[in-house]
Each structure stands twice: as structure tokens, then as C-alpha cells.
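Within every chain, numbering begins at 1; the chains are lettered A, B, ... in the order of the sequence lines, protein sequences first and strands thereafter.
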2 protein chains.
Amino acid sequence: MSIRLVIADDQALVRGALAALLGLEPDIEVVAELGDGTGVAAAVVEHSADVAMLDVEMPGLDGISAAAAVRRAAPSCRVLMVTTFGRPGYLRRAMLAGASGFVVKDTPARQLAEAVRRVHQGLRVVDPVLAAESLTAGDSPLTEREAEVLKAASDGGTVADIAKSAMLSEGTVRNYLSATMAKTGGRTRAEAVRIAEDNGWLL
Amino acid sequence: MSIRLVIADDQALVRGALAALLGLEPDIEVVAELGDGTGVAAAVVEHSADVAMLDVEMPGLDGISAAAAVRRAAPSCRVLMVTTFGRPGYLRRAMLAGASGFVVKDTPARQLAEAVRRVHQGLRVVDPVLAAESLTAGDSPLTEREAEVLKAASDGGTVADIAKSAMLSEGTVRNYLSATMAKTGGRTRAEAVRIAEDNGWLL
DNA sequence: AATGAGGGATGACAAATGTCATGCGGCGCT
DNA sequence: AGCGCCGCATGACATTTGTCATCCCTCATT
């Protein structure tokens with residue numbers, strides 16, 4: 001009996017190409033393709049899928065949240081995350097959300113089908129380089145509010161803009177930003193944003 | 001006789017998947033897959049390819065430069081650019097570099113093979129939405145130095161950092177940044193960076 | 001020869017940013 | 001009850017930015 005697979009990726013070209021690639025495998029059957037995370041759990045249930053392959057970066061519901069939704073709706077369905085960026089924080093969060101595997105998009109195409117088979121068998125699939133990074137990088141040092149403020153700062157607005165969007169006093173915003181800079185080791189606000197993004201501490 | 005195709009994309013998974021997708025077409029033959037832009041022109045010549053499908057964002061030689069190299073080395077080979085980001089500036093620069101087509105990665109997978117066939121026939125393939133944006137957005141207003149300084153600023157360093165990396169006086173750096181902010185309409189340095197990136201004025 | 005644009009620089013000034021101390025109330029832990 | 005962390009806020013302060021005027025030099029255009 002073949003593995004029933006659901007694929008979610010926001011880039012239609014990539015989504016279709018992955019479906020084509022995996023559809024070539026005799027033991028894999030692609031039963032649904034989605035462009036965002038919102039309908040994934042429902043699709044998994046509807047098609048009684050065995051494995052869901054999810055991109056982390058998606059509009060609407062992000063991959064991590066979608067993974068959690070899938071686990072809740074269909075505990076027997078394994079989740080394999082596929083992402084462009086090997087952010088350590090993504091890996092950790094994906095695992096906490098119940099994912100069984102995590103591969104980055106520059107792993108060889110040959111290994112993808114194998115990864116699908118492994119997670120289907122209940123094994124865990126994790127890029128070893130990433131796993132190591134994830135251990136050394138540690139969890140996010142930012143508090144919820146700090147992350148929120150930093151995220152609001154990530155599009156380059158002024159303190160006044162951020163204060164307005166977060167309903168905070170300007171002084172408070174500066175305090176939070178100062179804290180994020182101290183915790184990330186960044187010397188400027190922009191640097192703190194970059195570091196936090198690279199580690200997957202925002203989202 | 002089938003269309004001989006060279007594919008270059010830095011994400012191995014995507015590259016392999018695209019190859020699989022297009023390999024299914026009876027009239028297309030994937031003769032080479034590359035992970036960066038440096039070897040593309042040579043590969044095109046070696047395999048006497050008809051069409052080269054290039055990603056814009058690649059390590060080493062970027063897709064635009066690779067496109068130019070292909071046109072120089074094998075004028076008979078058409079170039080189809082494929083990119084994640086529909087930056088207006090990318091489209092313009094790609095066309096100037098001699099590309100025949102430009103598609104973004106969220107176009108439906110079905111249309112990709114058709115795009116390859118069209119450029120092979122000497123037709124131009126351009127996402128109409130993008131083409132319109134490209135016209136309204138206009139060319140980059142930034143001078144070479146301004147773009148260089150703004151790029152140096154894009155990782156969040158201080159003025160002193162930028163000055164050092166560009167071998168300029170700090171005052172001059174501030175003047176250039178001020179100019180970029182005026183030209184992009186950004187109210188802060190970070191905003192100017194974002195706007196310039198979104199328009200494809202950096203790179 | 002004159003004009004203008006771009007690269008490079010200085011100095012001065014106003015505004016924004018980053019830092020720090022300090023305060024308060026709430027929540028969880030021991 | 002006390003301690004510490006977090007959320008939120010103020011106020012003061014030193015830096016860093018962003019803005020502007022002004023200067024020099026070069027090169028291409030007129």
C-alpha cells in the first residue's frame with residue numbers, strides 16, 4: 001500500500017515540482033496540494049493522509065502552526081517540515097509542534113523520498129548539521145513582548161511607528177529594543193533584527 | 001527533436017524537483033543541473049543546450065550575470081529566468097542581460113513547460129502583473145555608490161562599520177545614506193534598505 | 001568655456017536612538 | 001511573606017543619525 005502524501009508550499013512552481021518528483025516514486029501517492037497552511041489539517045483528514053510535507057514559510061497559517069493543527073486533527077499522520085532557511089529556532093519549534101522530520105531545501109532531491117518513507121515509518125529525520133546548530137544556539141532568549149516589538153521594528157519604522165502599532169509608550173519601546181539588542185548581542189536595532197531572524201526567534 | 005534544457009538553482013531540492021517535473025514532458029530533455037551560476041555558460045556550450053533556466057538568487061555568480069554570460073557564450077541559447085521574488089528591477093535587469101523570459105515561482109507548475117517551449121521558439125514570456133509593475137516602478141534612482149553604501153548598510157551595522165567597509169569618511173556615508181533615503185522615500189535607513197530591496201535596486 | 005552630475009569631504013545642528021536608574025503592579029515560585 | 005521576572009512607564013543622559021550648506025575635483029555634455 002502506498003504512502004498517502006499531502007504537500008503544502010506557497011510557491012506553486014515548487015509545490016508542483018515536488019509533487020512531480022515524489023509522484024515518480026512507486027510507493028508514494030500525492031493526494032493533495034495546498035498553497036497555504038489553513039486547509040492542511042482538513043485535507044489530511046479528508047484524504048486520510050499518512051504524511052504531510054509542510055513548508056515553514058507560508059502566508060496565512062505558518063507551517064509550524066499547521067503542523068500542530070495536523071497533529072491535533074490526525075495524530076496518526078506524520079509531519080515532515082521542509083524549509084528554505086535552516087533557522088535553528090524553526091527546527092526546535094517544529095519538533096515541539098509535533099513534527100517528525102525537518103529538511104532544508106538544499107538537501108539533494110534523491111533523499112527527499114527517503115525522508116518521506118522514514119517519517120512514515122515513525123522514524124525521525126533531521127539534518128545533522130542543523131541539529132548541532134540548534135543545540136548550540138539554544139532557545140530564544142527573548143520574552144514574548146520583546147519578540148513582538150522587534151518584529152514590529154523589522155520593517156524599518158521609527159520608534160513612534162512601533163509604539164503606535166504595539167500600543168506602547170515610546171520609552172517602553174526603546175527599553176524593549178535595548179533589551180533585545182543586549183540579548184542578541186547586536187549593536188544596533190537593525191542588527192538585532194537580523195540576528196533574531198537568522199535564529200528563527202521571530203516569526 | 002526535444003528541447004535541451006539546463007537548470008540552475010541553488011536549492012538542490014527545488015532544482016531536482018523542477019528537473020523531474022520538466023523531465024516528464026516528452027519534448028523536453030534536461031541535460032544539466034547546476035547549483036550556482038559560475039558554470040552555467042560552460043555547461044550550455046558543452047551540452048549545446050537550447051534553453052537555460054536560471055534562478056536570480058544564487059551564490060557565486062548571480063542569475064542575471066549568468067544570463068549575460070550565456071548570451072555571450074552561446075547566442076543561440078535562450079534564457080528563462082525563474083525567481084522567488086517578483087522585484088521589478090530584476091525583470092528589467094534580466095531583460096537587459098538578454099533573457100527571453102521571466103517567471104516567478106508562484107506561477108502554476110503547468111505553465112512552466114509551456115514557458116520553456118515559448119522561449120525556445122523565440123517568443124518572450126513575462127508575467128503580465130510584473131511587467132506592469134516594472135513600468136510604473138521605473139529604473140533605479142540610485143547611483144552606483146549610493147547602492148553600494150546602502151547594500152553595506154543592509155546588514156545593520158553602524159555608520160562607522162559602513163565607512164570602514166567602503167573606505168569612506170563617516171560624514172560621506174551619512175550623506176549617501178541621506179540621499180538614498182530621499183530617493184527611496186524611506187524615513188529611516190532601514191526603511192530605505194527595505195524599499196530598495198523590494199524594488200530590486202540592490203544586488 | 002561653461003554647465004551639471006557624481007564622487008568625496010567637512011562642519012554644524014536638530015532629531016532620533018540607545019542606555020540606565022528607578023518606579024509600580026502582577027504573577028509564579030519557595 | 002519574600003524573591004525574582006516580566007510588563008509598562010518616566011526621565012535624564014550620551015551617542016548616533018539624518019539634514020544641510022559648502023567646498024574641491026573629475027568627467028562628460030553643451
Side-chain angles (χ1 to χ4, degrees), chain A residues 89 92-93 96 138-203, chain B residues 89 92-93 96 138-203:
Chain A
R92 164 178 265 107
R93 304 252 295 283
L96 286 177
D139 206 354
S140 172
L142 303 176
T143 70
E144 210 175 321
R145 269 288 183 284
E146 285 165 357
E148 196 180 319
V149 170
L150 194 55
K151 204 176 351 175
S154 66
D155 52 6
T158 66
V159 169
D161 295 339
I162 303 166
K164 213 175 304 172
S165 97
M167 299 260 293
L168 287 174
S169 140
E170 296 195 14
T172 306
V173 169
R174 293 214 307 246
N175 288 149
Y176 279 138
L177 288 177
S178 192
T180 64
M181 289 162 65
K183 289 179 178 179
T184 57
R187 275 137 61 244
T188 65
R189 188 192 307 188
E191 214 169 37
V193 167
R194 210 177 44 69
I195 294 171
E197 273 179 349
D198 284 351
N199 282 297
W201 292 340
L202 297 187
L203 181 64
Chain B
R92 164 177 266 108
R93 303 251 296 281
L96 286 177
D139 207 355
S140 171
L142 303 177
T143 69
E144 209 174 321
R145 270 288 183 283
E146 285 165 356
E148 195 181 320
V149 170
L150 195 55
K151 204 176 350 173
S154 66
D155 52 5
T158 66
V159 170
D161 295 338
I162 303 167
K164 214 176 302 173
S165 96
M167 300 260 292
L168 287 174
S169 138
E170 296 194 14
T172 304
V173 169
R174 296 215 304 250
N175 285 336
Y176 278 135
L177 288 177
S178 193
T180 63
M181 289 162 64
K183 289 179 178 177
T184 56
R187 277 142 54 248
T188 65
R189 189 191 309 186
E191 215 169 37
V193 167
R194 210 178 44 68
I195 294 170
E197 273 179 350
D198 284 351
N199 282 298
W201 293 339
L202 296 186
L203 182 61

Closest approach of Ala152(A) to Ser165(A) (non-hydrogen atoms, all atoms of both residues): CB-OG, 3.8 Å
Considering all heavy atoms, the nearest Ala196(B)-Leu142(B) contact: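 Smallest interatomic distance, heavy atoms only, reads CB-CD1, 4.4 Å.
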Let me confirm one number: the [atom1]-[atom2] distance from [X] to [Y], rounded to the nearest 0.5 Å.
| X | Y | atom1 | atom2 | value |
| --- | --- | --- | --- | --- |
| Ser140(B) | Asn199(B) | OG | CG | 8.5 Å |
| Trp201(A) | Arg93(A) | CH2 | CZ | 12.0 Å |
| Leu202(B) | Ile195(B) | CG | CD1 | 11.0 Å |
| Ser154(B) | Arg194(B) | OG | CZ | 13.5 Å |

Side chain to side chain donor-acceptor pair (under 3.5 Å) against Glu197(A), all qualifying residues, sequence neighbours excluded: none
Distance test, side-chain N/O of Arg145(B) to OP1/OP2 of dG6(C), below 4.0 Å: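 Checking dG6(C) against Arg145(B), no side-chain N or O comes under 4.0 Å of OP1 or OP2.
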Thr172(A) side chain near dC8(D) phosphate (N/O to OP1/OP2, under 4.0 Å):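 Thr172(A) to dC8(D) OP1/OP2: no side-chain N or O under 4.0 Å.
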Audit row: Ile162(A), Arg189(A), side chain to side chain contact (heavy atoms under 4.5 Å, CB included) steps and yes/no: CA-CA 12 Å; Ile162(A) 303 166; Arg189(A) 188 192 307 188; 3.9 Å; yes
Any pair counted as salt bridge (charged side-chain N to carboxylate O under 4.0 Å, His left out), so long as it reaches residues 155-173 of chain A, sequence neighbours left out: Asp161(A)-Arg187(B)
Take the protein atom [atom1] of [X] and the nucleotide atom [atom2] of [N], then report the distance between them rounded to whole Å.
| X | N | atom1 | atom2 | value |
| --- | --- | --- | --- | --- |
| Lys183(A) | dT19(C) | NZ | P | 14 Å |
| Tyr176(B) | dT10(C) | OH | P | 13 Å |
| Leu168(A) | dC6(D) | CG | P | 16 Å |
| Glu170(A) | dA12(D) | CD | C1' | 16 Å |
| Arg189(A) | dT19(C) | CZ | P | 11 Å |
| Glu144(B) | dG8(C) | CD | P | 10 Å |
| Glu191(A) | dT16(D) | CD | C1' | 14 Å |
| Glu146(B) | dG6(C) | CD | P | 8 Å |

5' priority, DNA chain C, between Thr188(B) and Met167(B) [closest heavy atom]: Met167(B)
Can you list, pair by pair, the side-chain donor-acceptor contacts under 3.5 Å of residues 171-184 of chain A, counting residues two or more places apart and other chains?
| from | atom 1 | to | atom 2 | distance (Å) |
| --- | --- | --- | --- | --- |
| Thr180(A) | OG1 | Leu177(A) | O | 2.6 |
| Lys183(A) | NZ | Pro141(A) | O | 3.2 |
| Lys183(A) | NZ | Glu146(A) | OE1 | 2.8 |
| Lys183(A) | NZ | Glu146(A) | OE2 | 3.2 |
| Thr184(A) | OG1 | Thr180(A) | O | 2.8 |
| Thr184(A) | OG1 | Met181(A) | O | 3.4 |
| Thr184(A) | OG1 | Gly186(A) | N | 3.2 |

Difference in axis direction between the ends of the helix from dA1(C)-dT30(D) to dT30(C)-dA1(D), five pairs, 10°: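 Inter-axis angle at the ends, rounded: 30°.
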Protein proximity profile, nucleotides 19-24 of chain D - base contact B, sugar-phosphate-only contact S, no contact -, cut-off 4.0 Å on heavy atoms: BB----
N-O pairing of Glu148(B) and Arg145(B) below 4.0 Å: yes
Positions of residues 148-161 of chain A (non-hydrogen atom under 4.0 Å from DNA chain C), listed by number: Thr158(A), Val159(A)
Report each atom pair, protein N/O against N/O of nucleotides 24-27 of chain C, whose distance is under 3.5 angstrom.
none

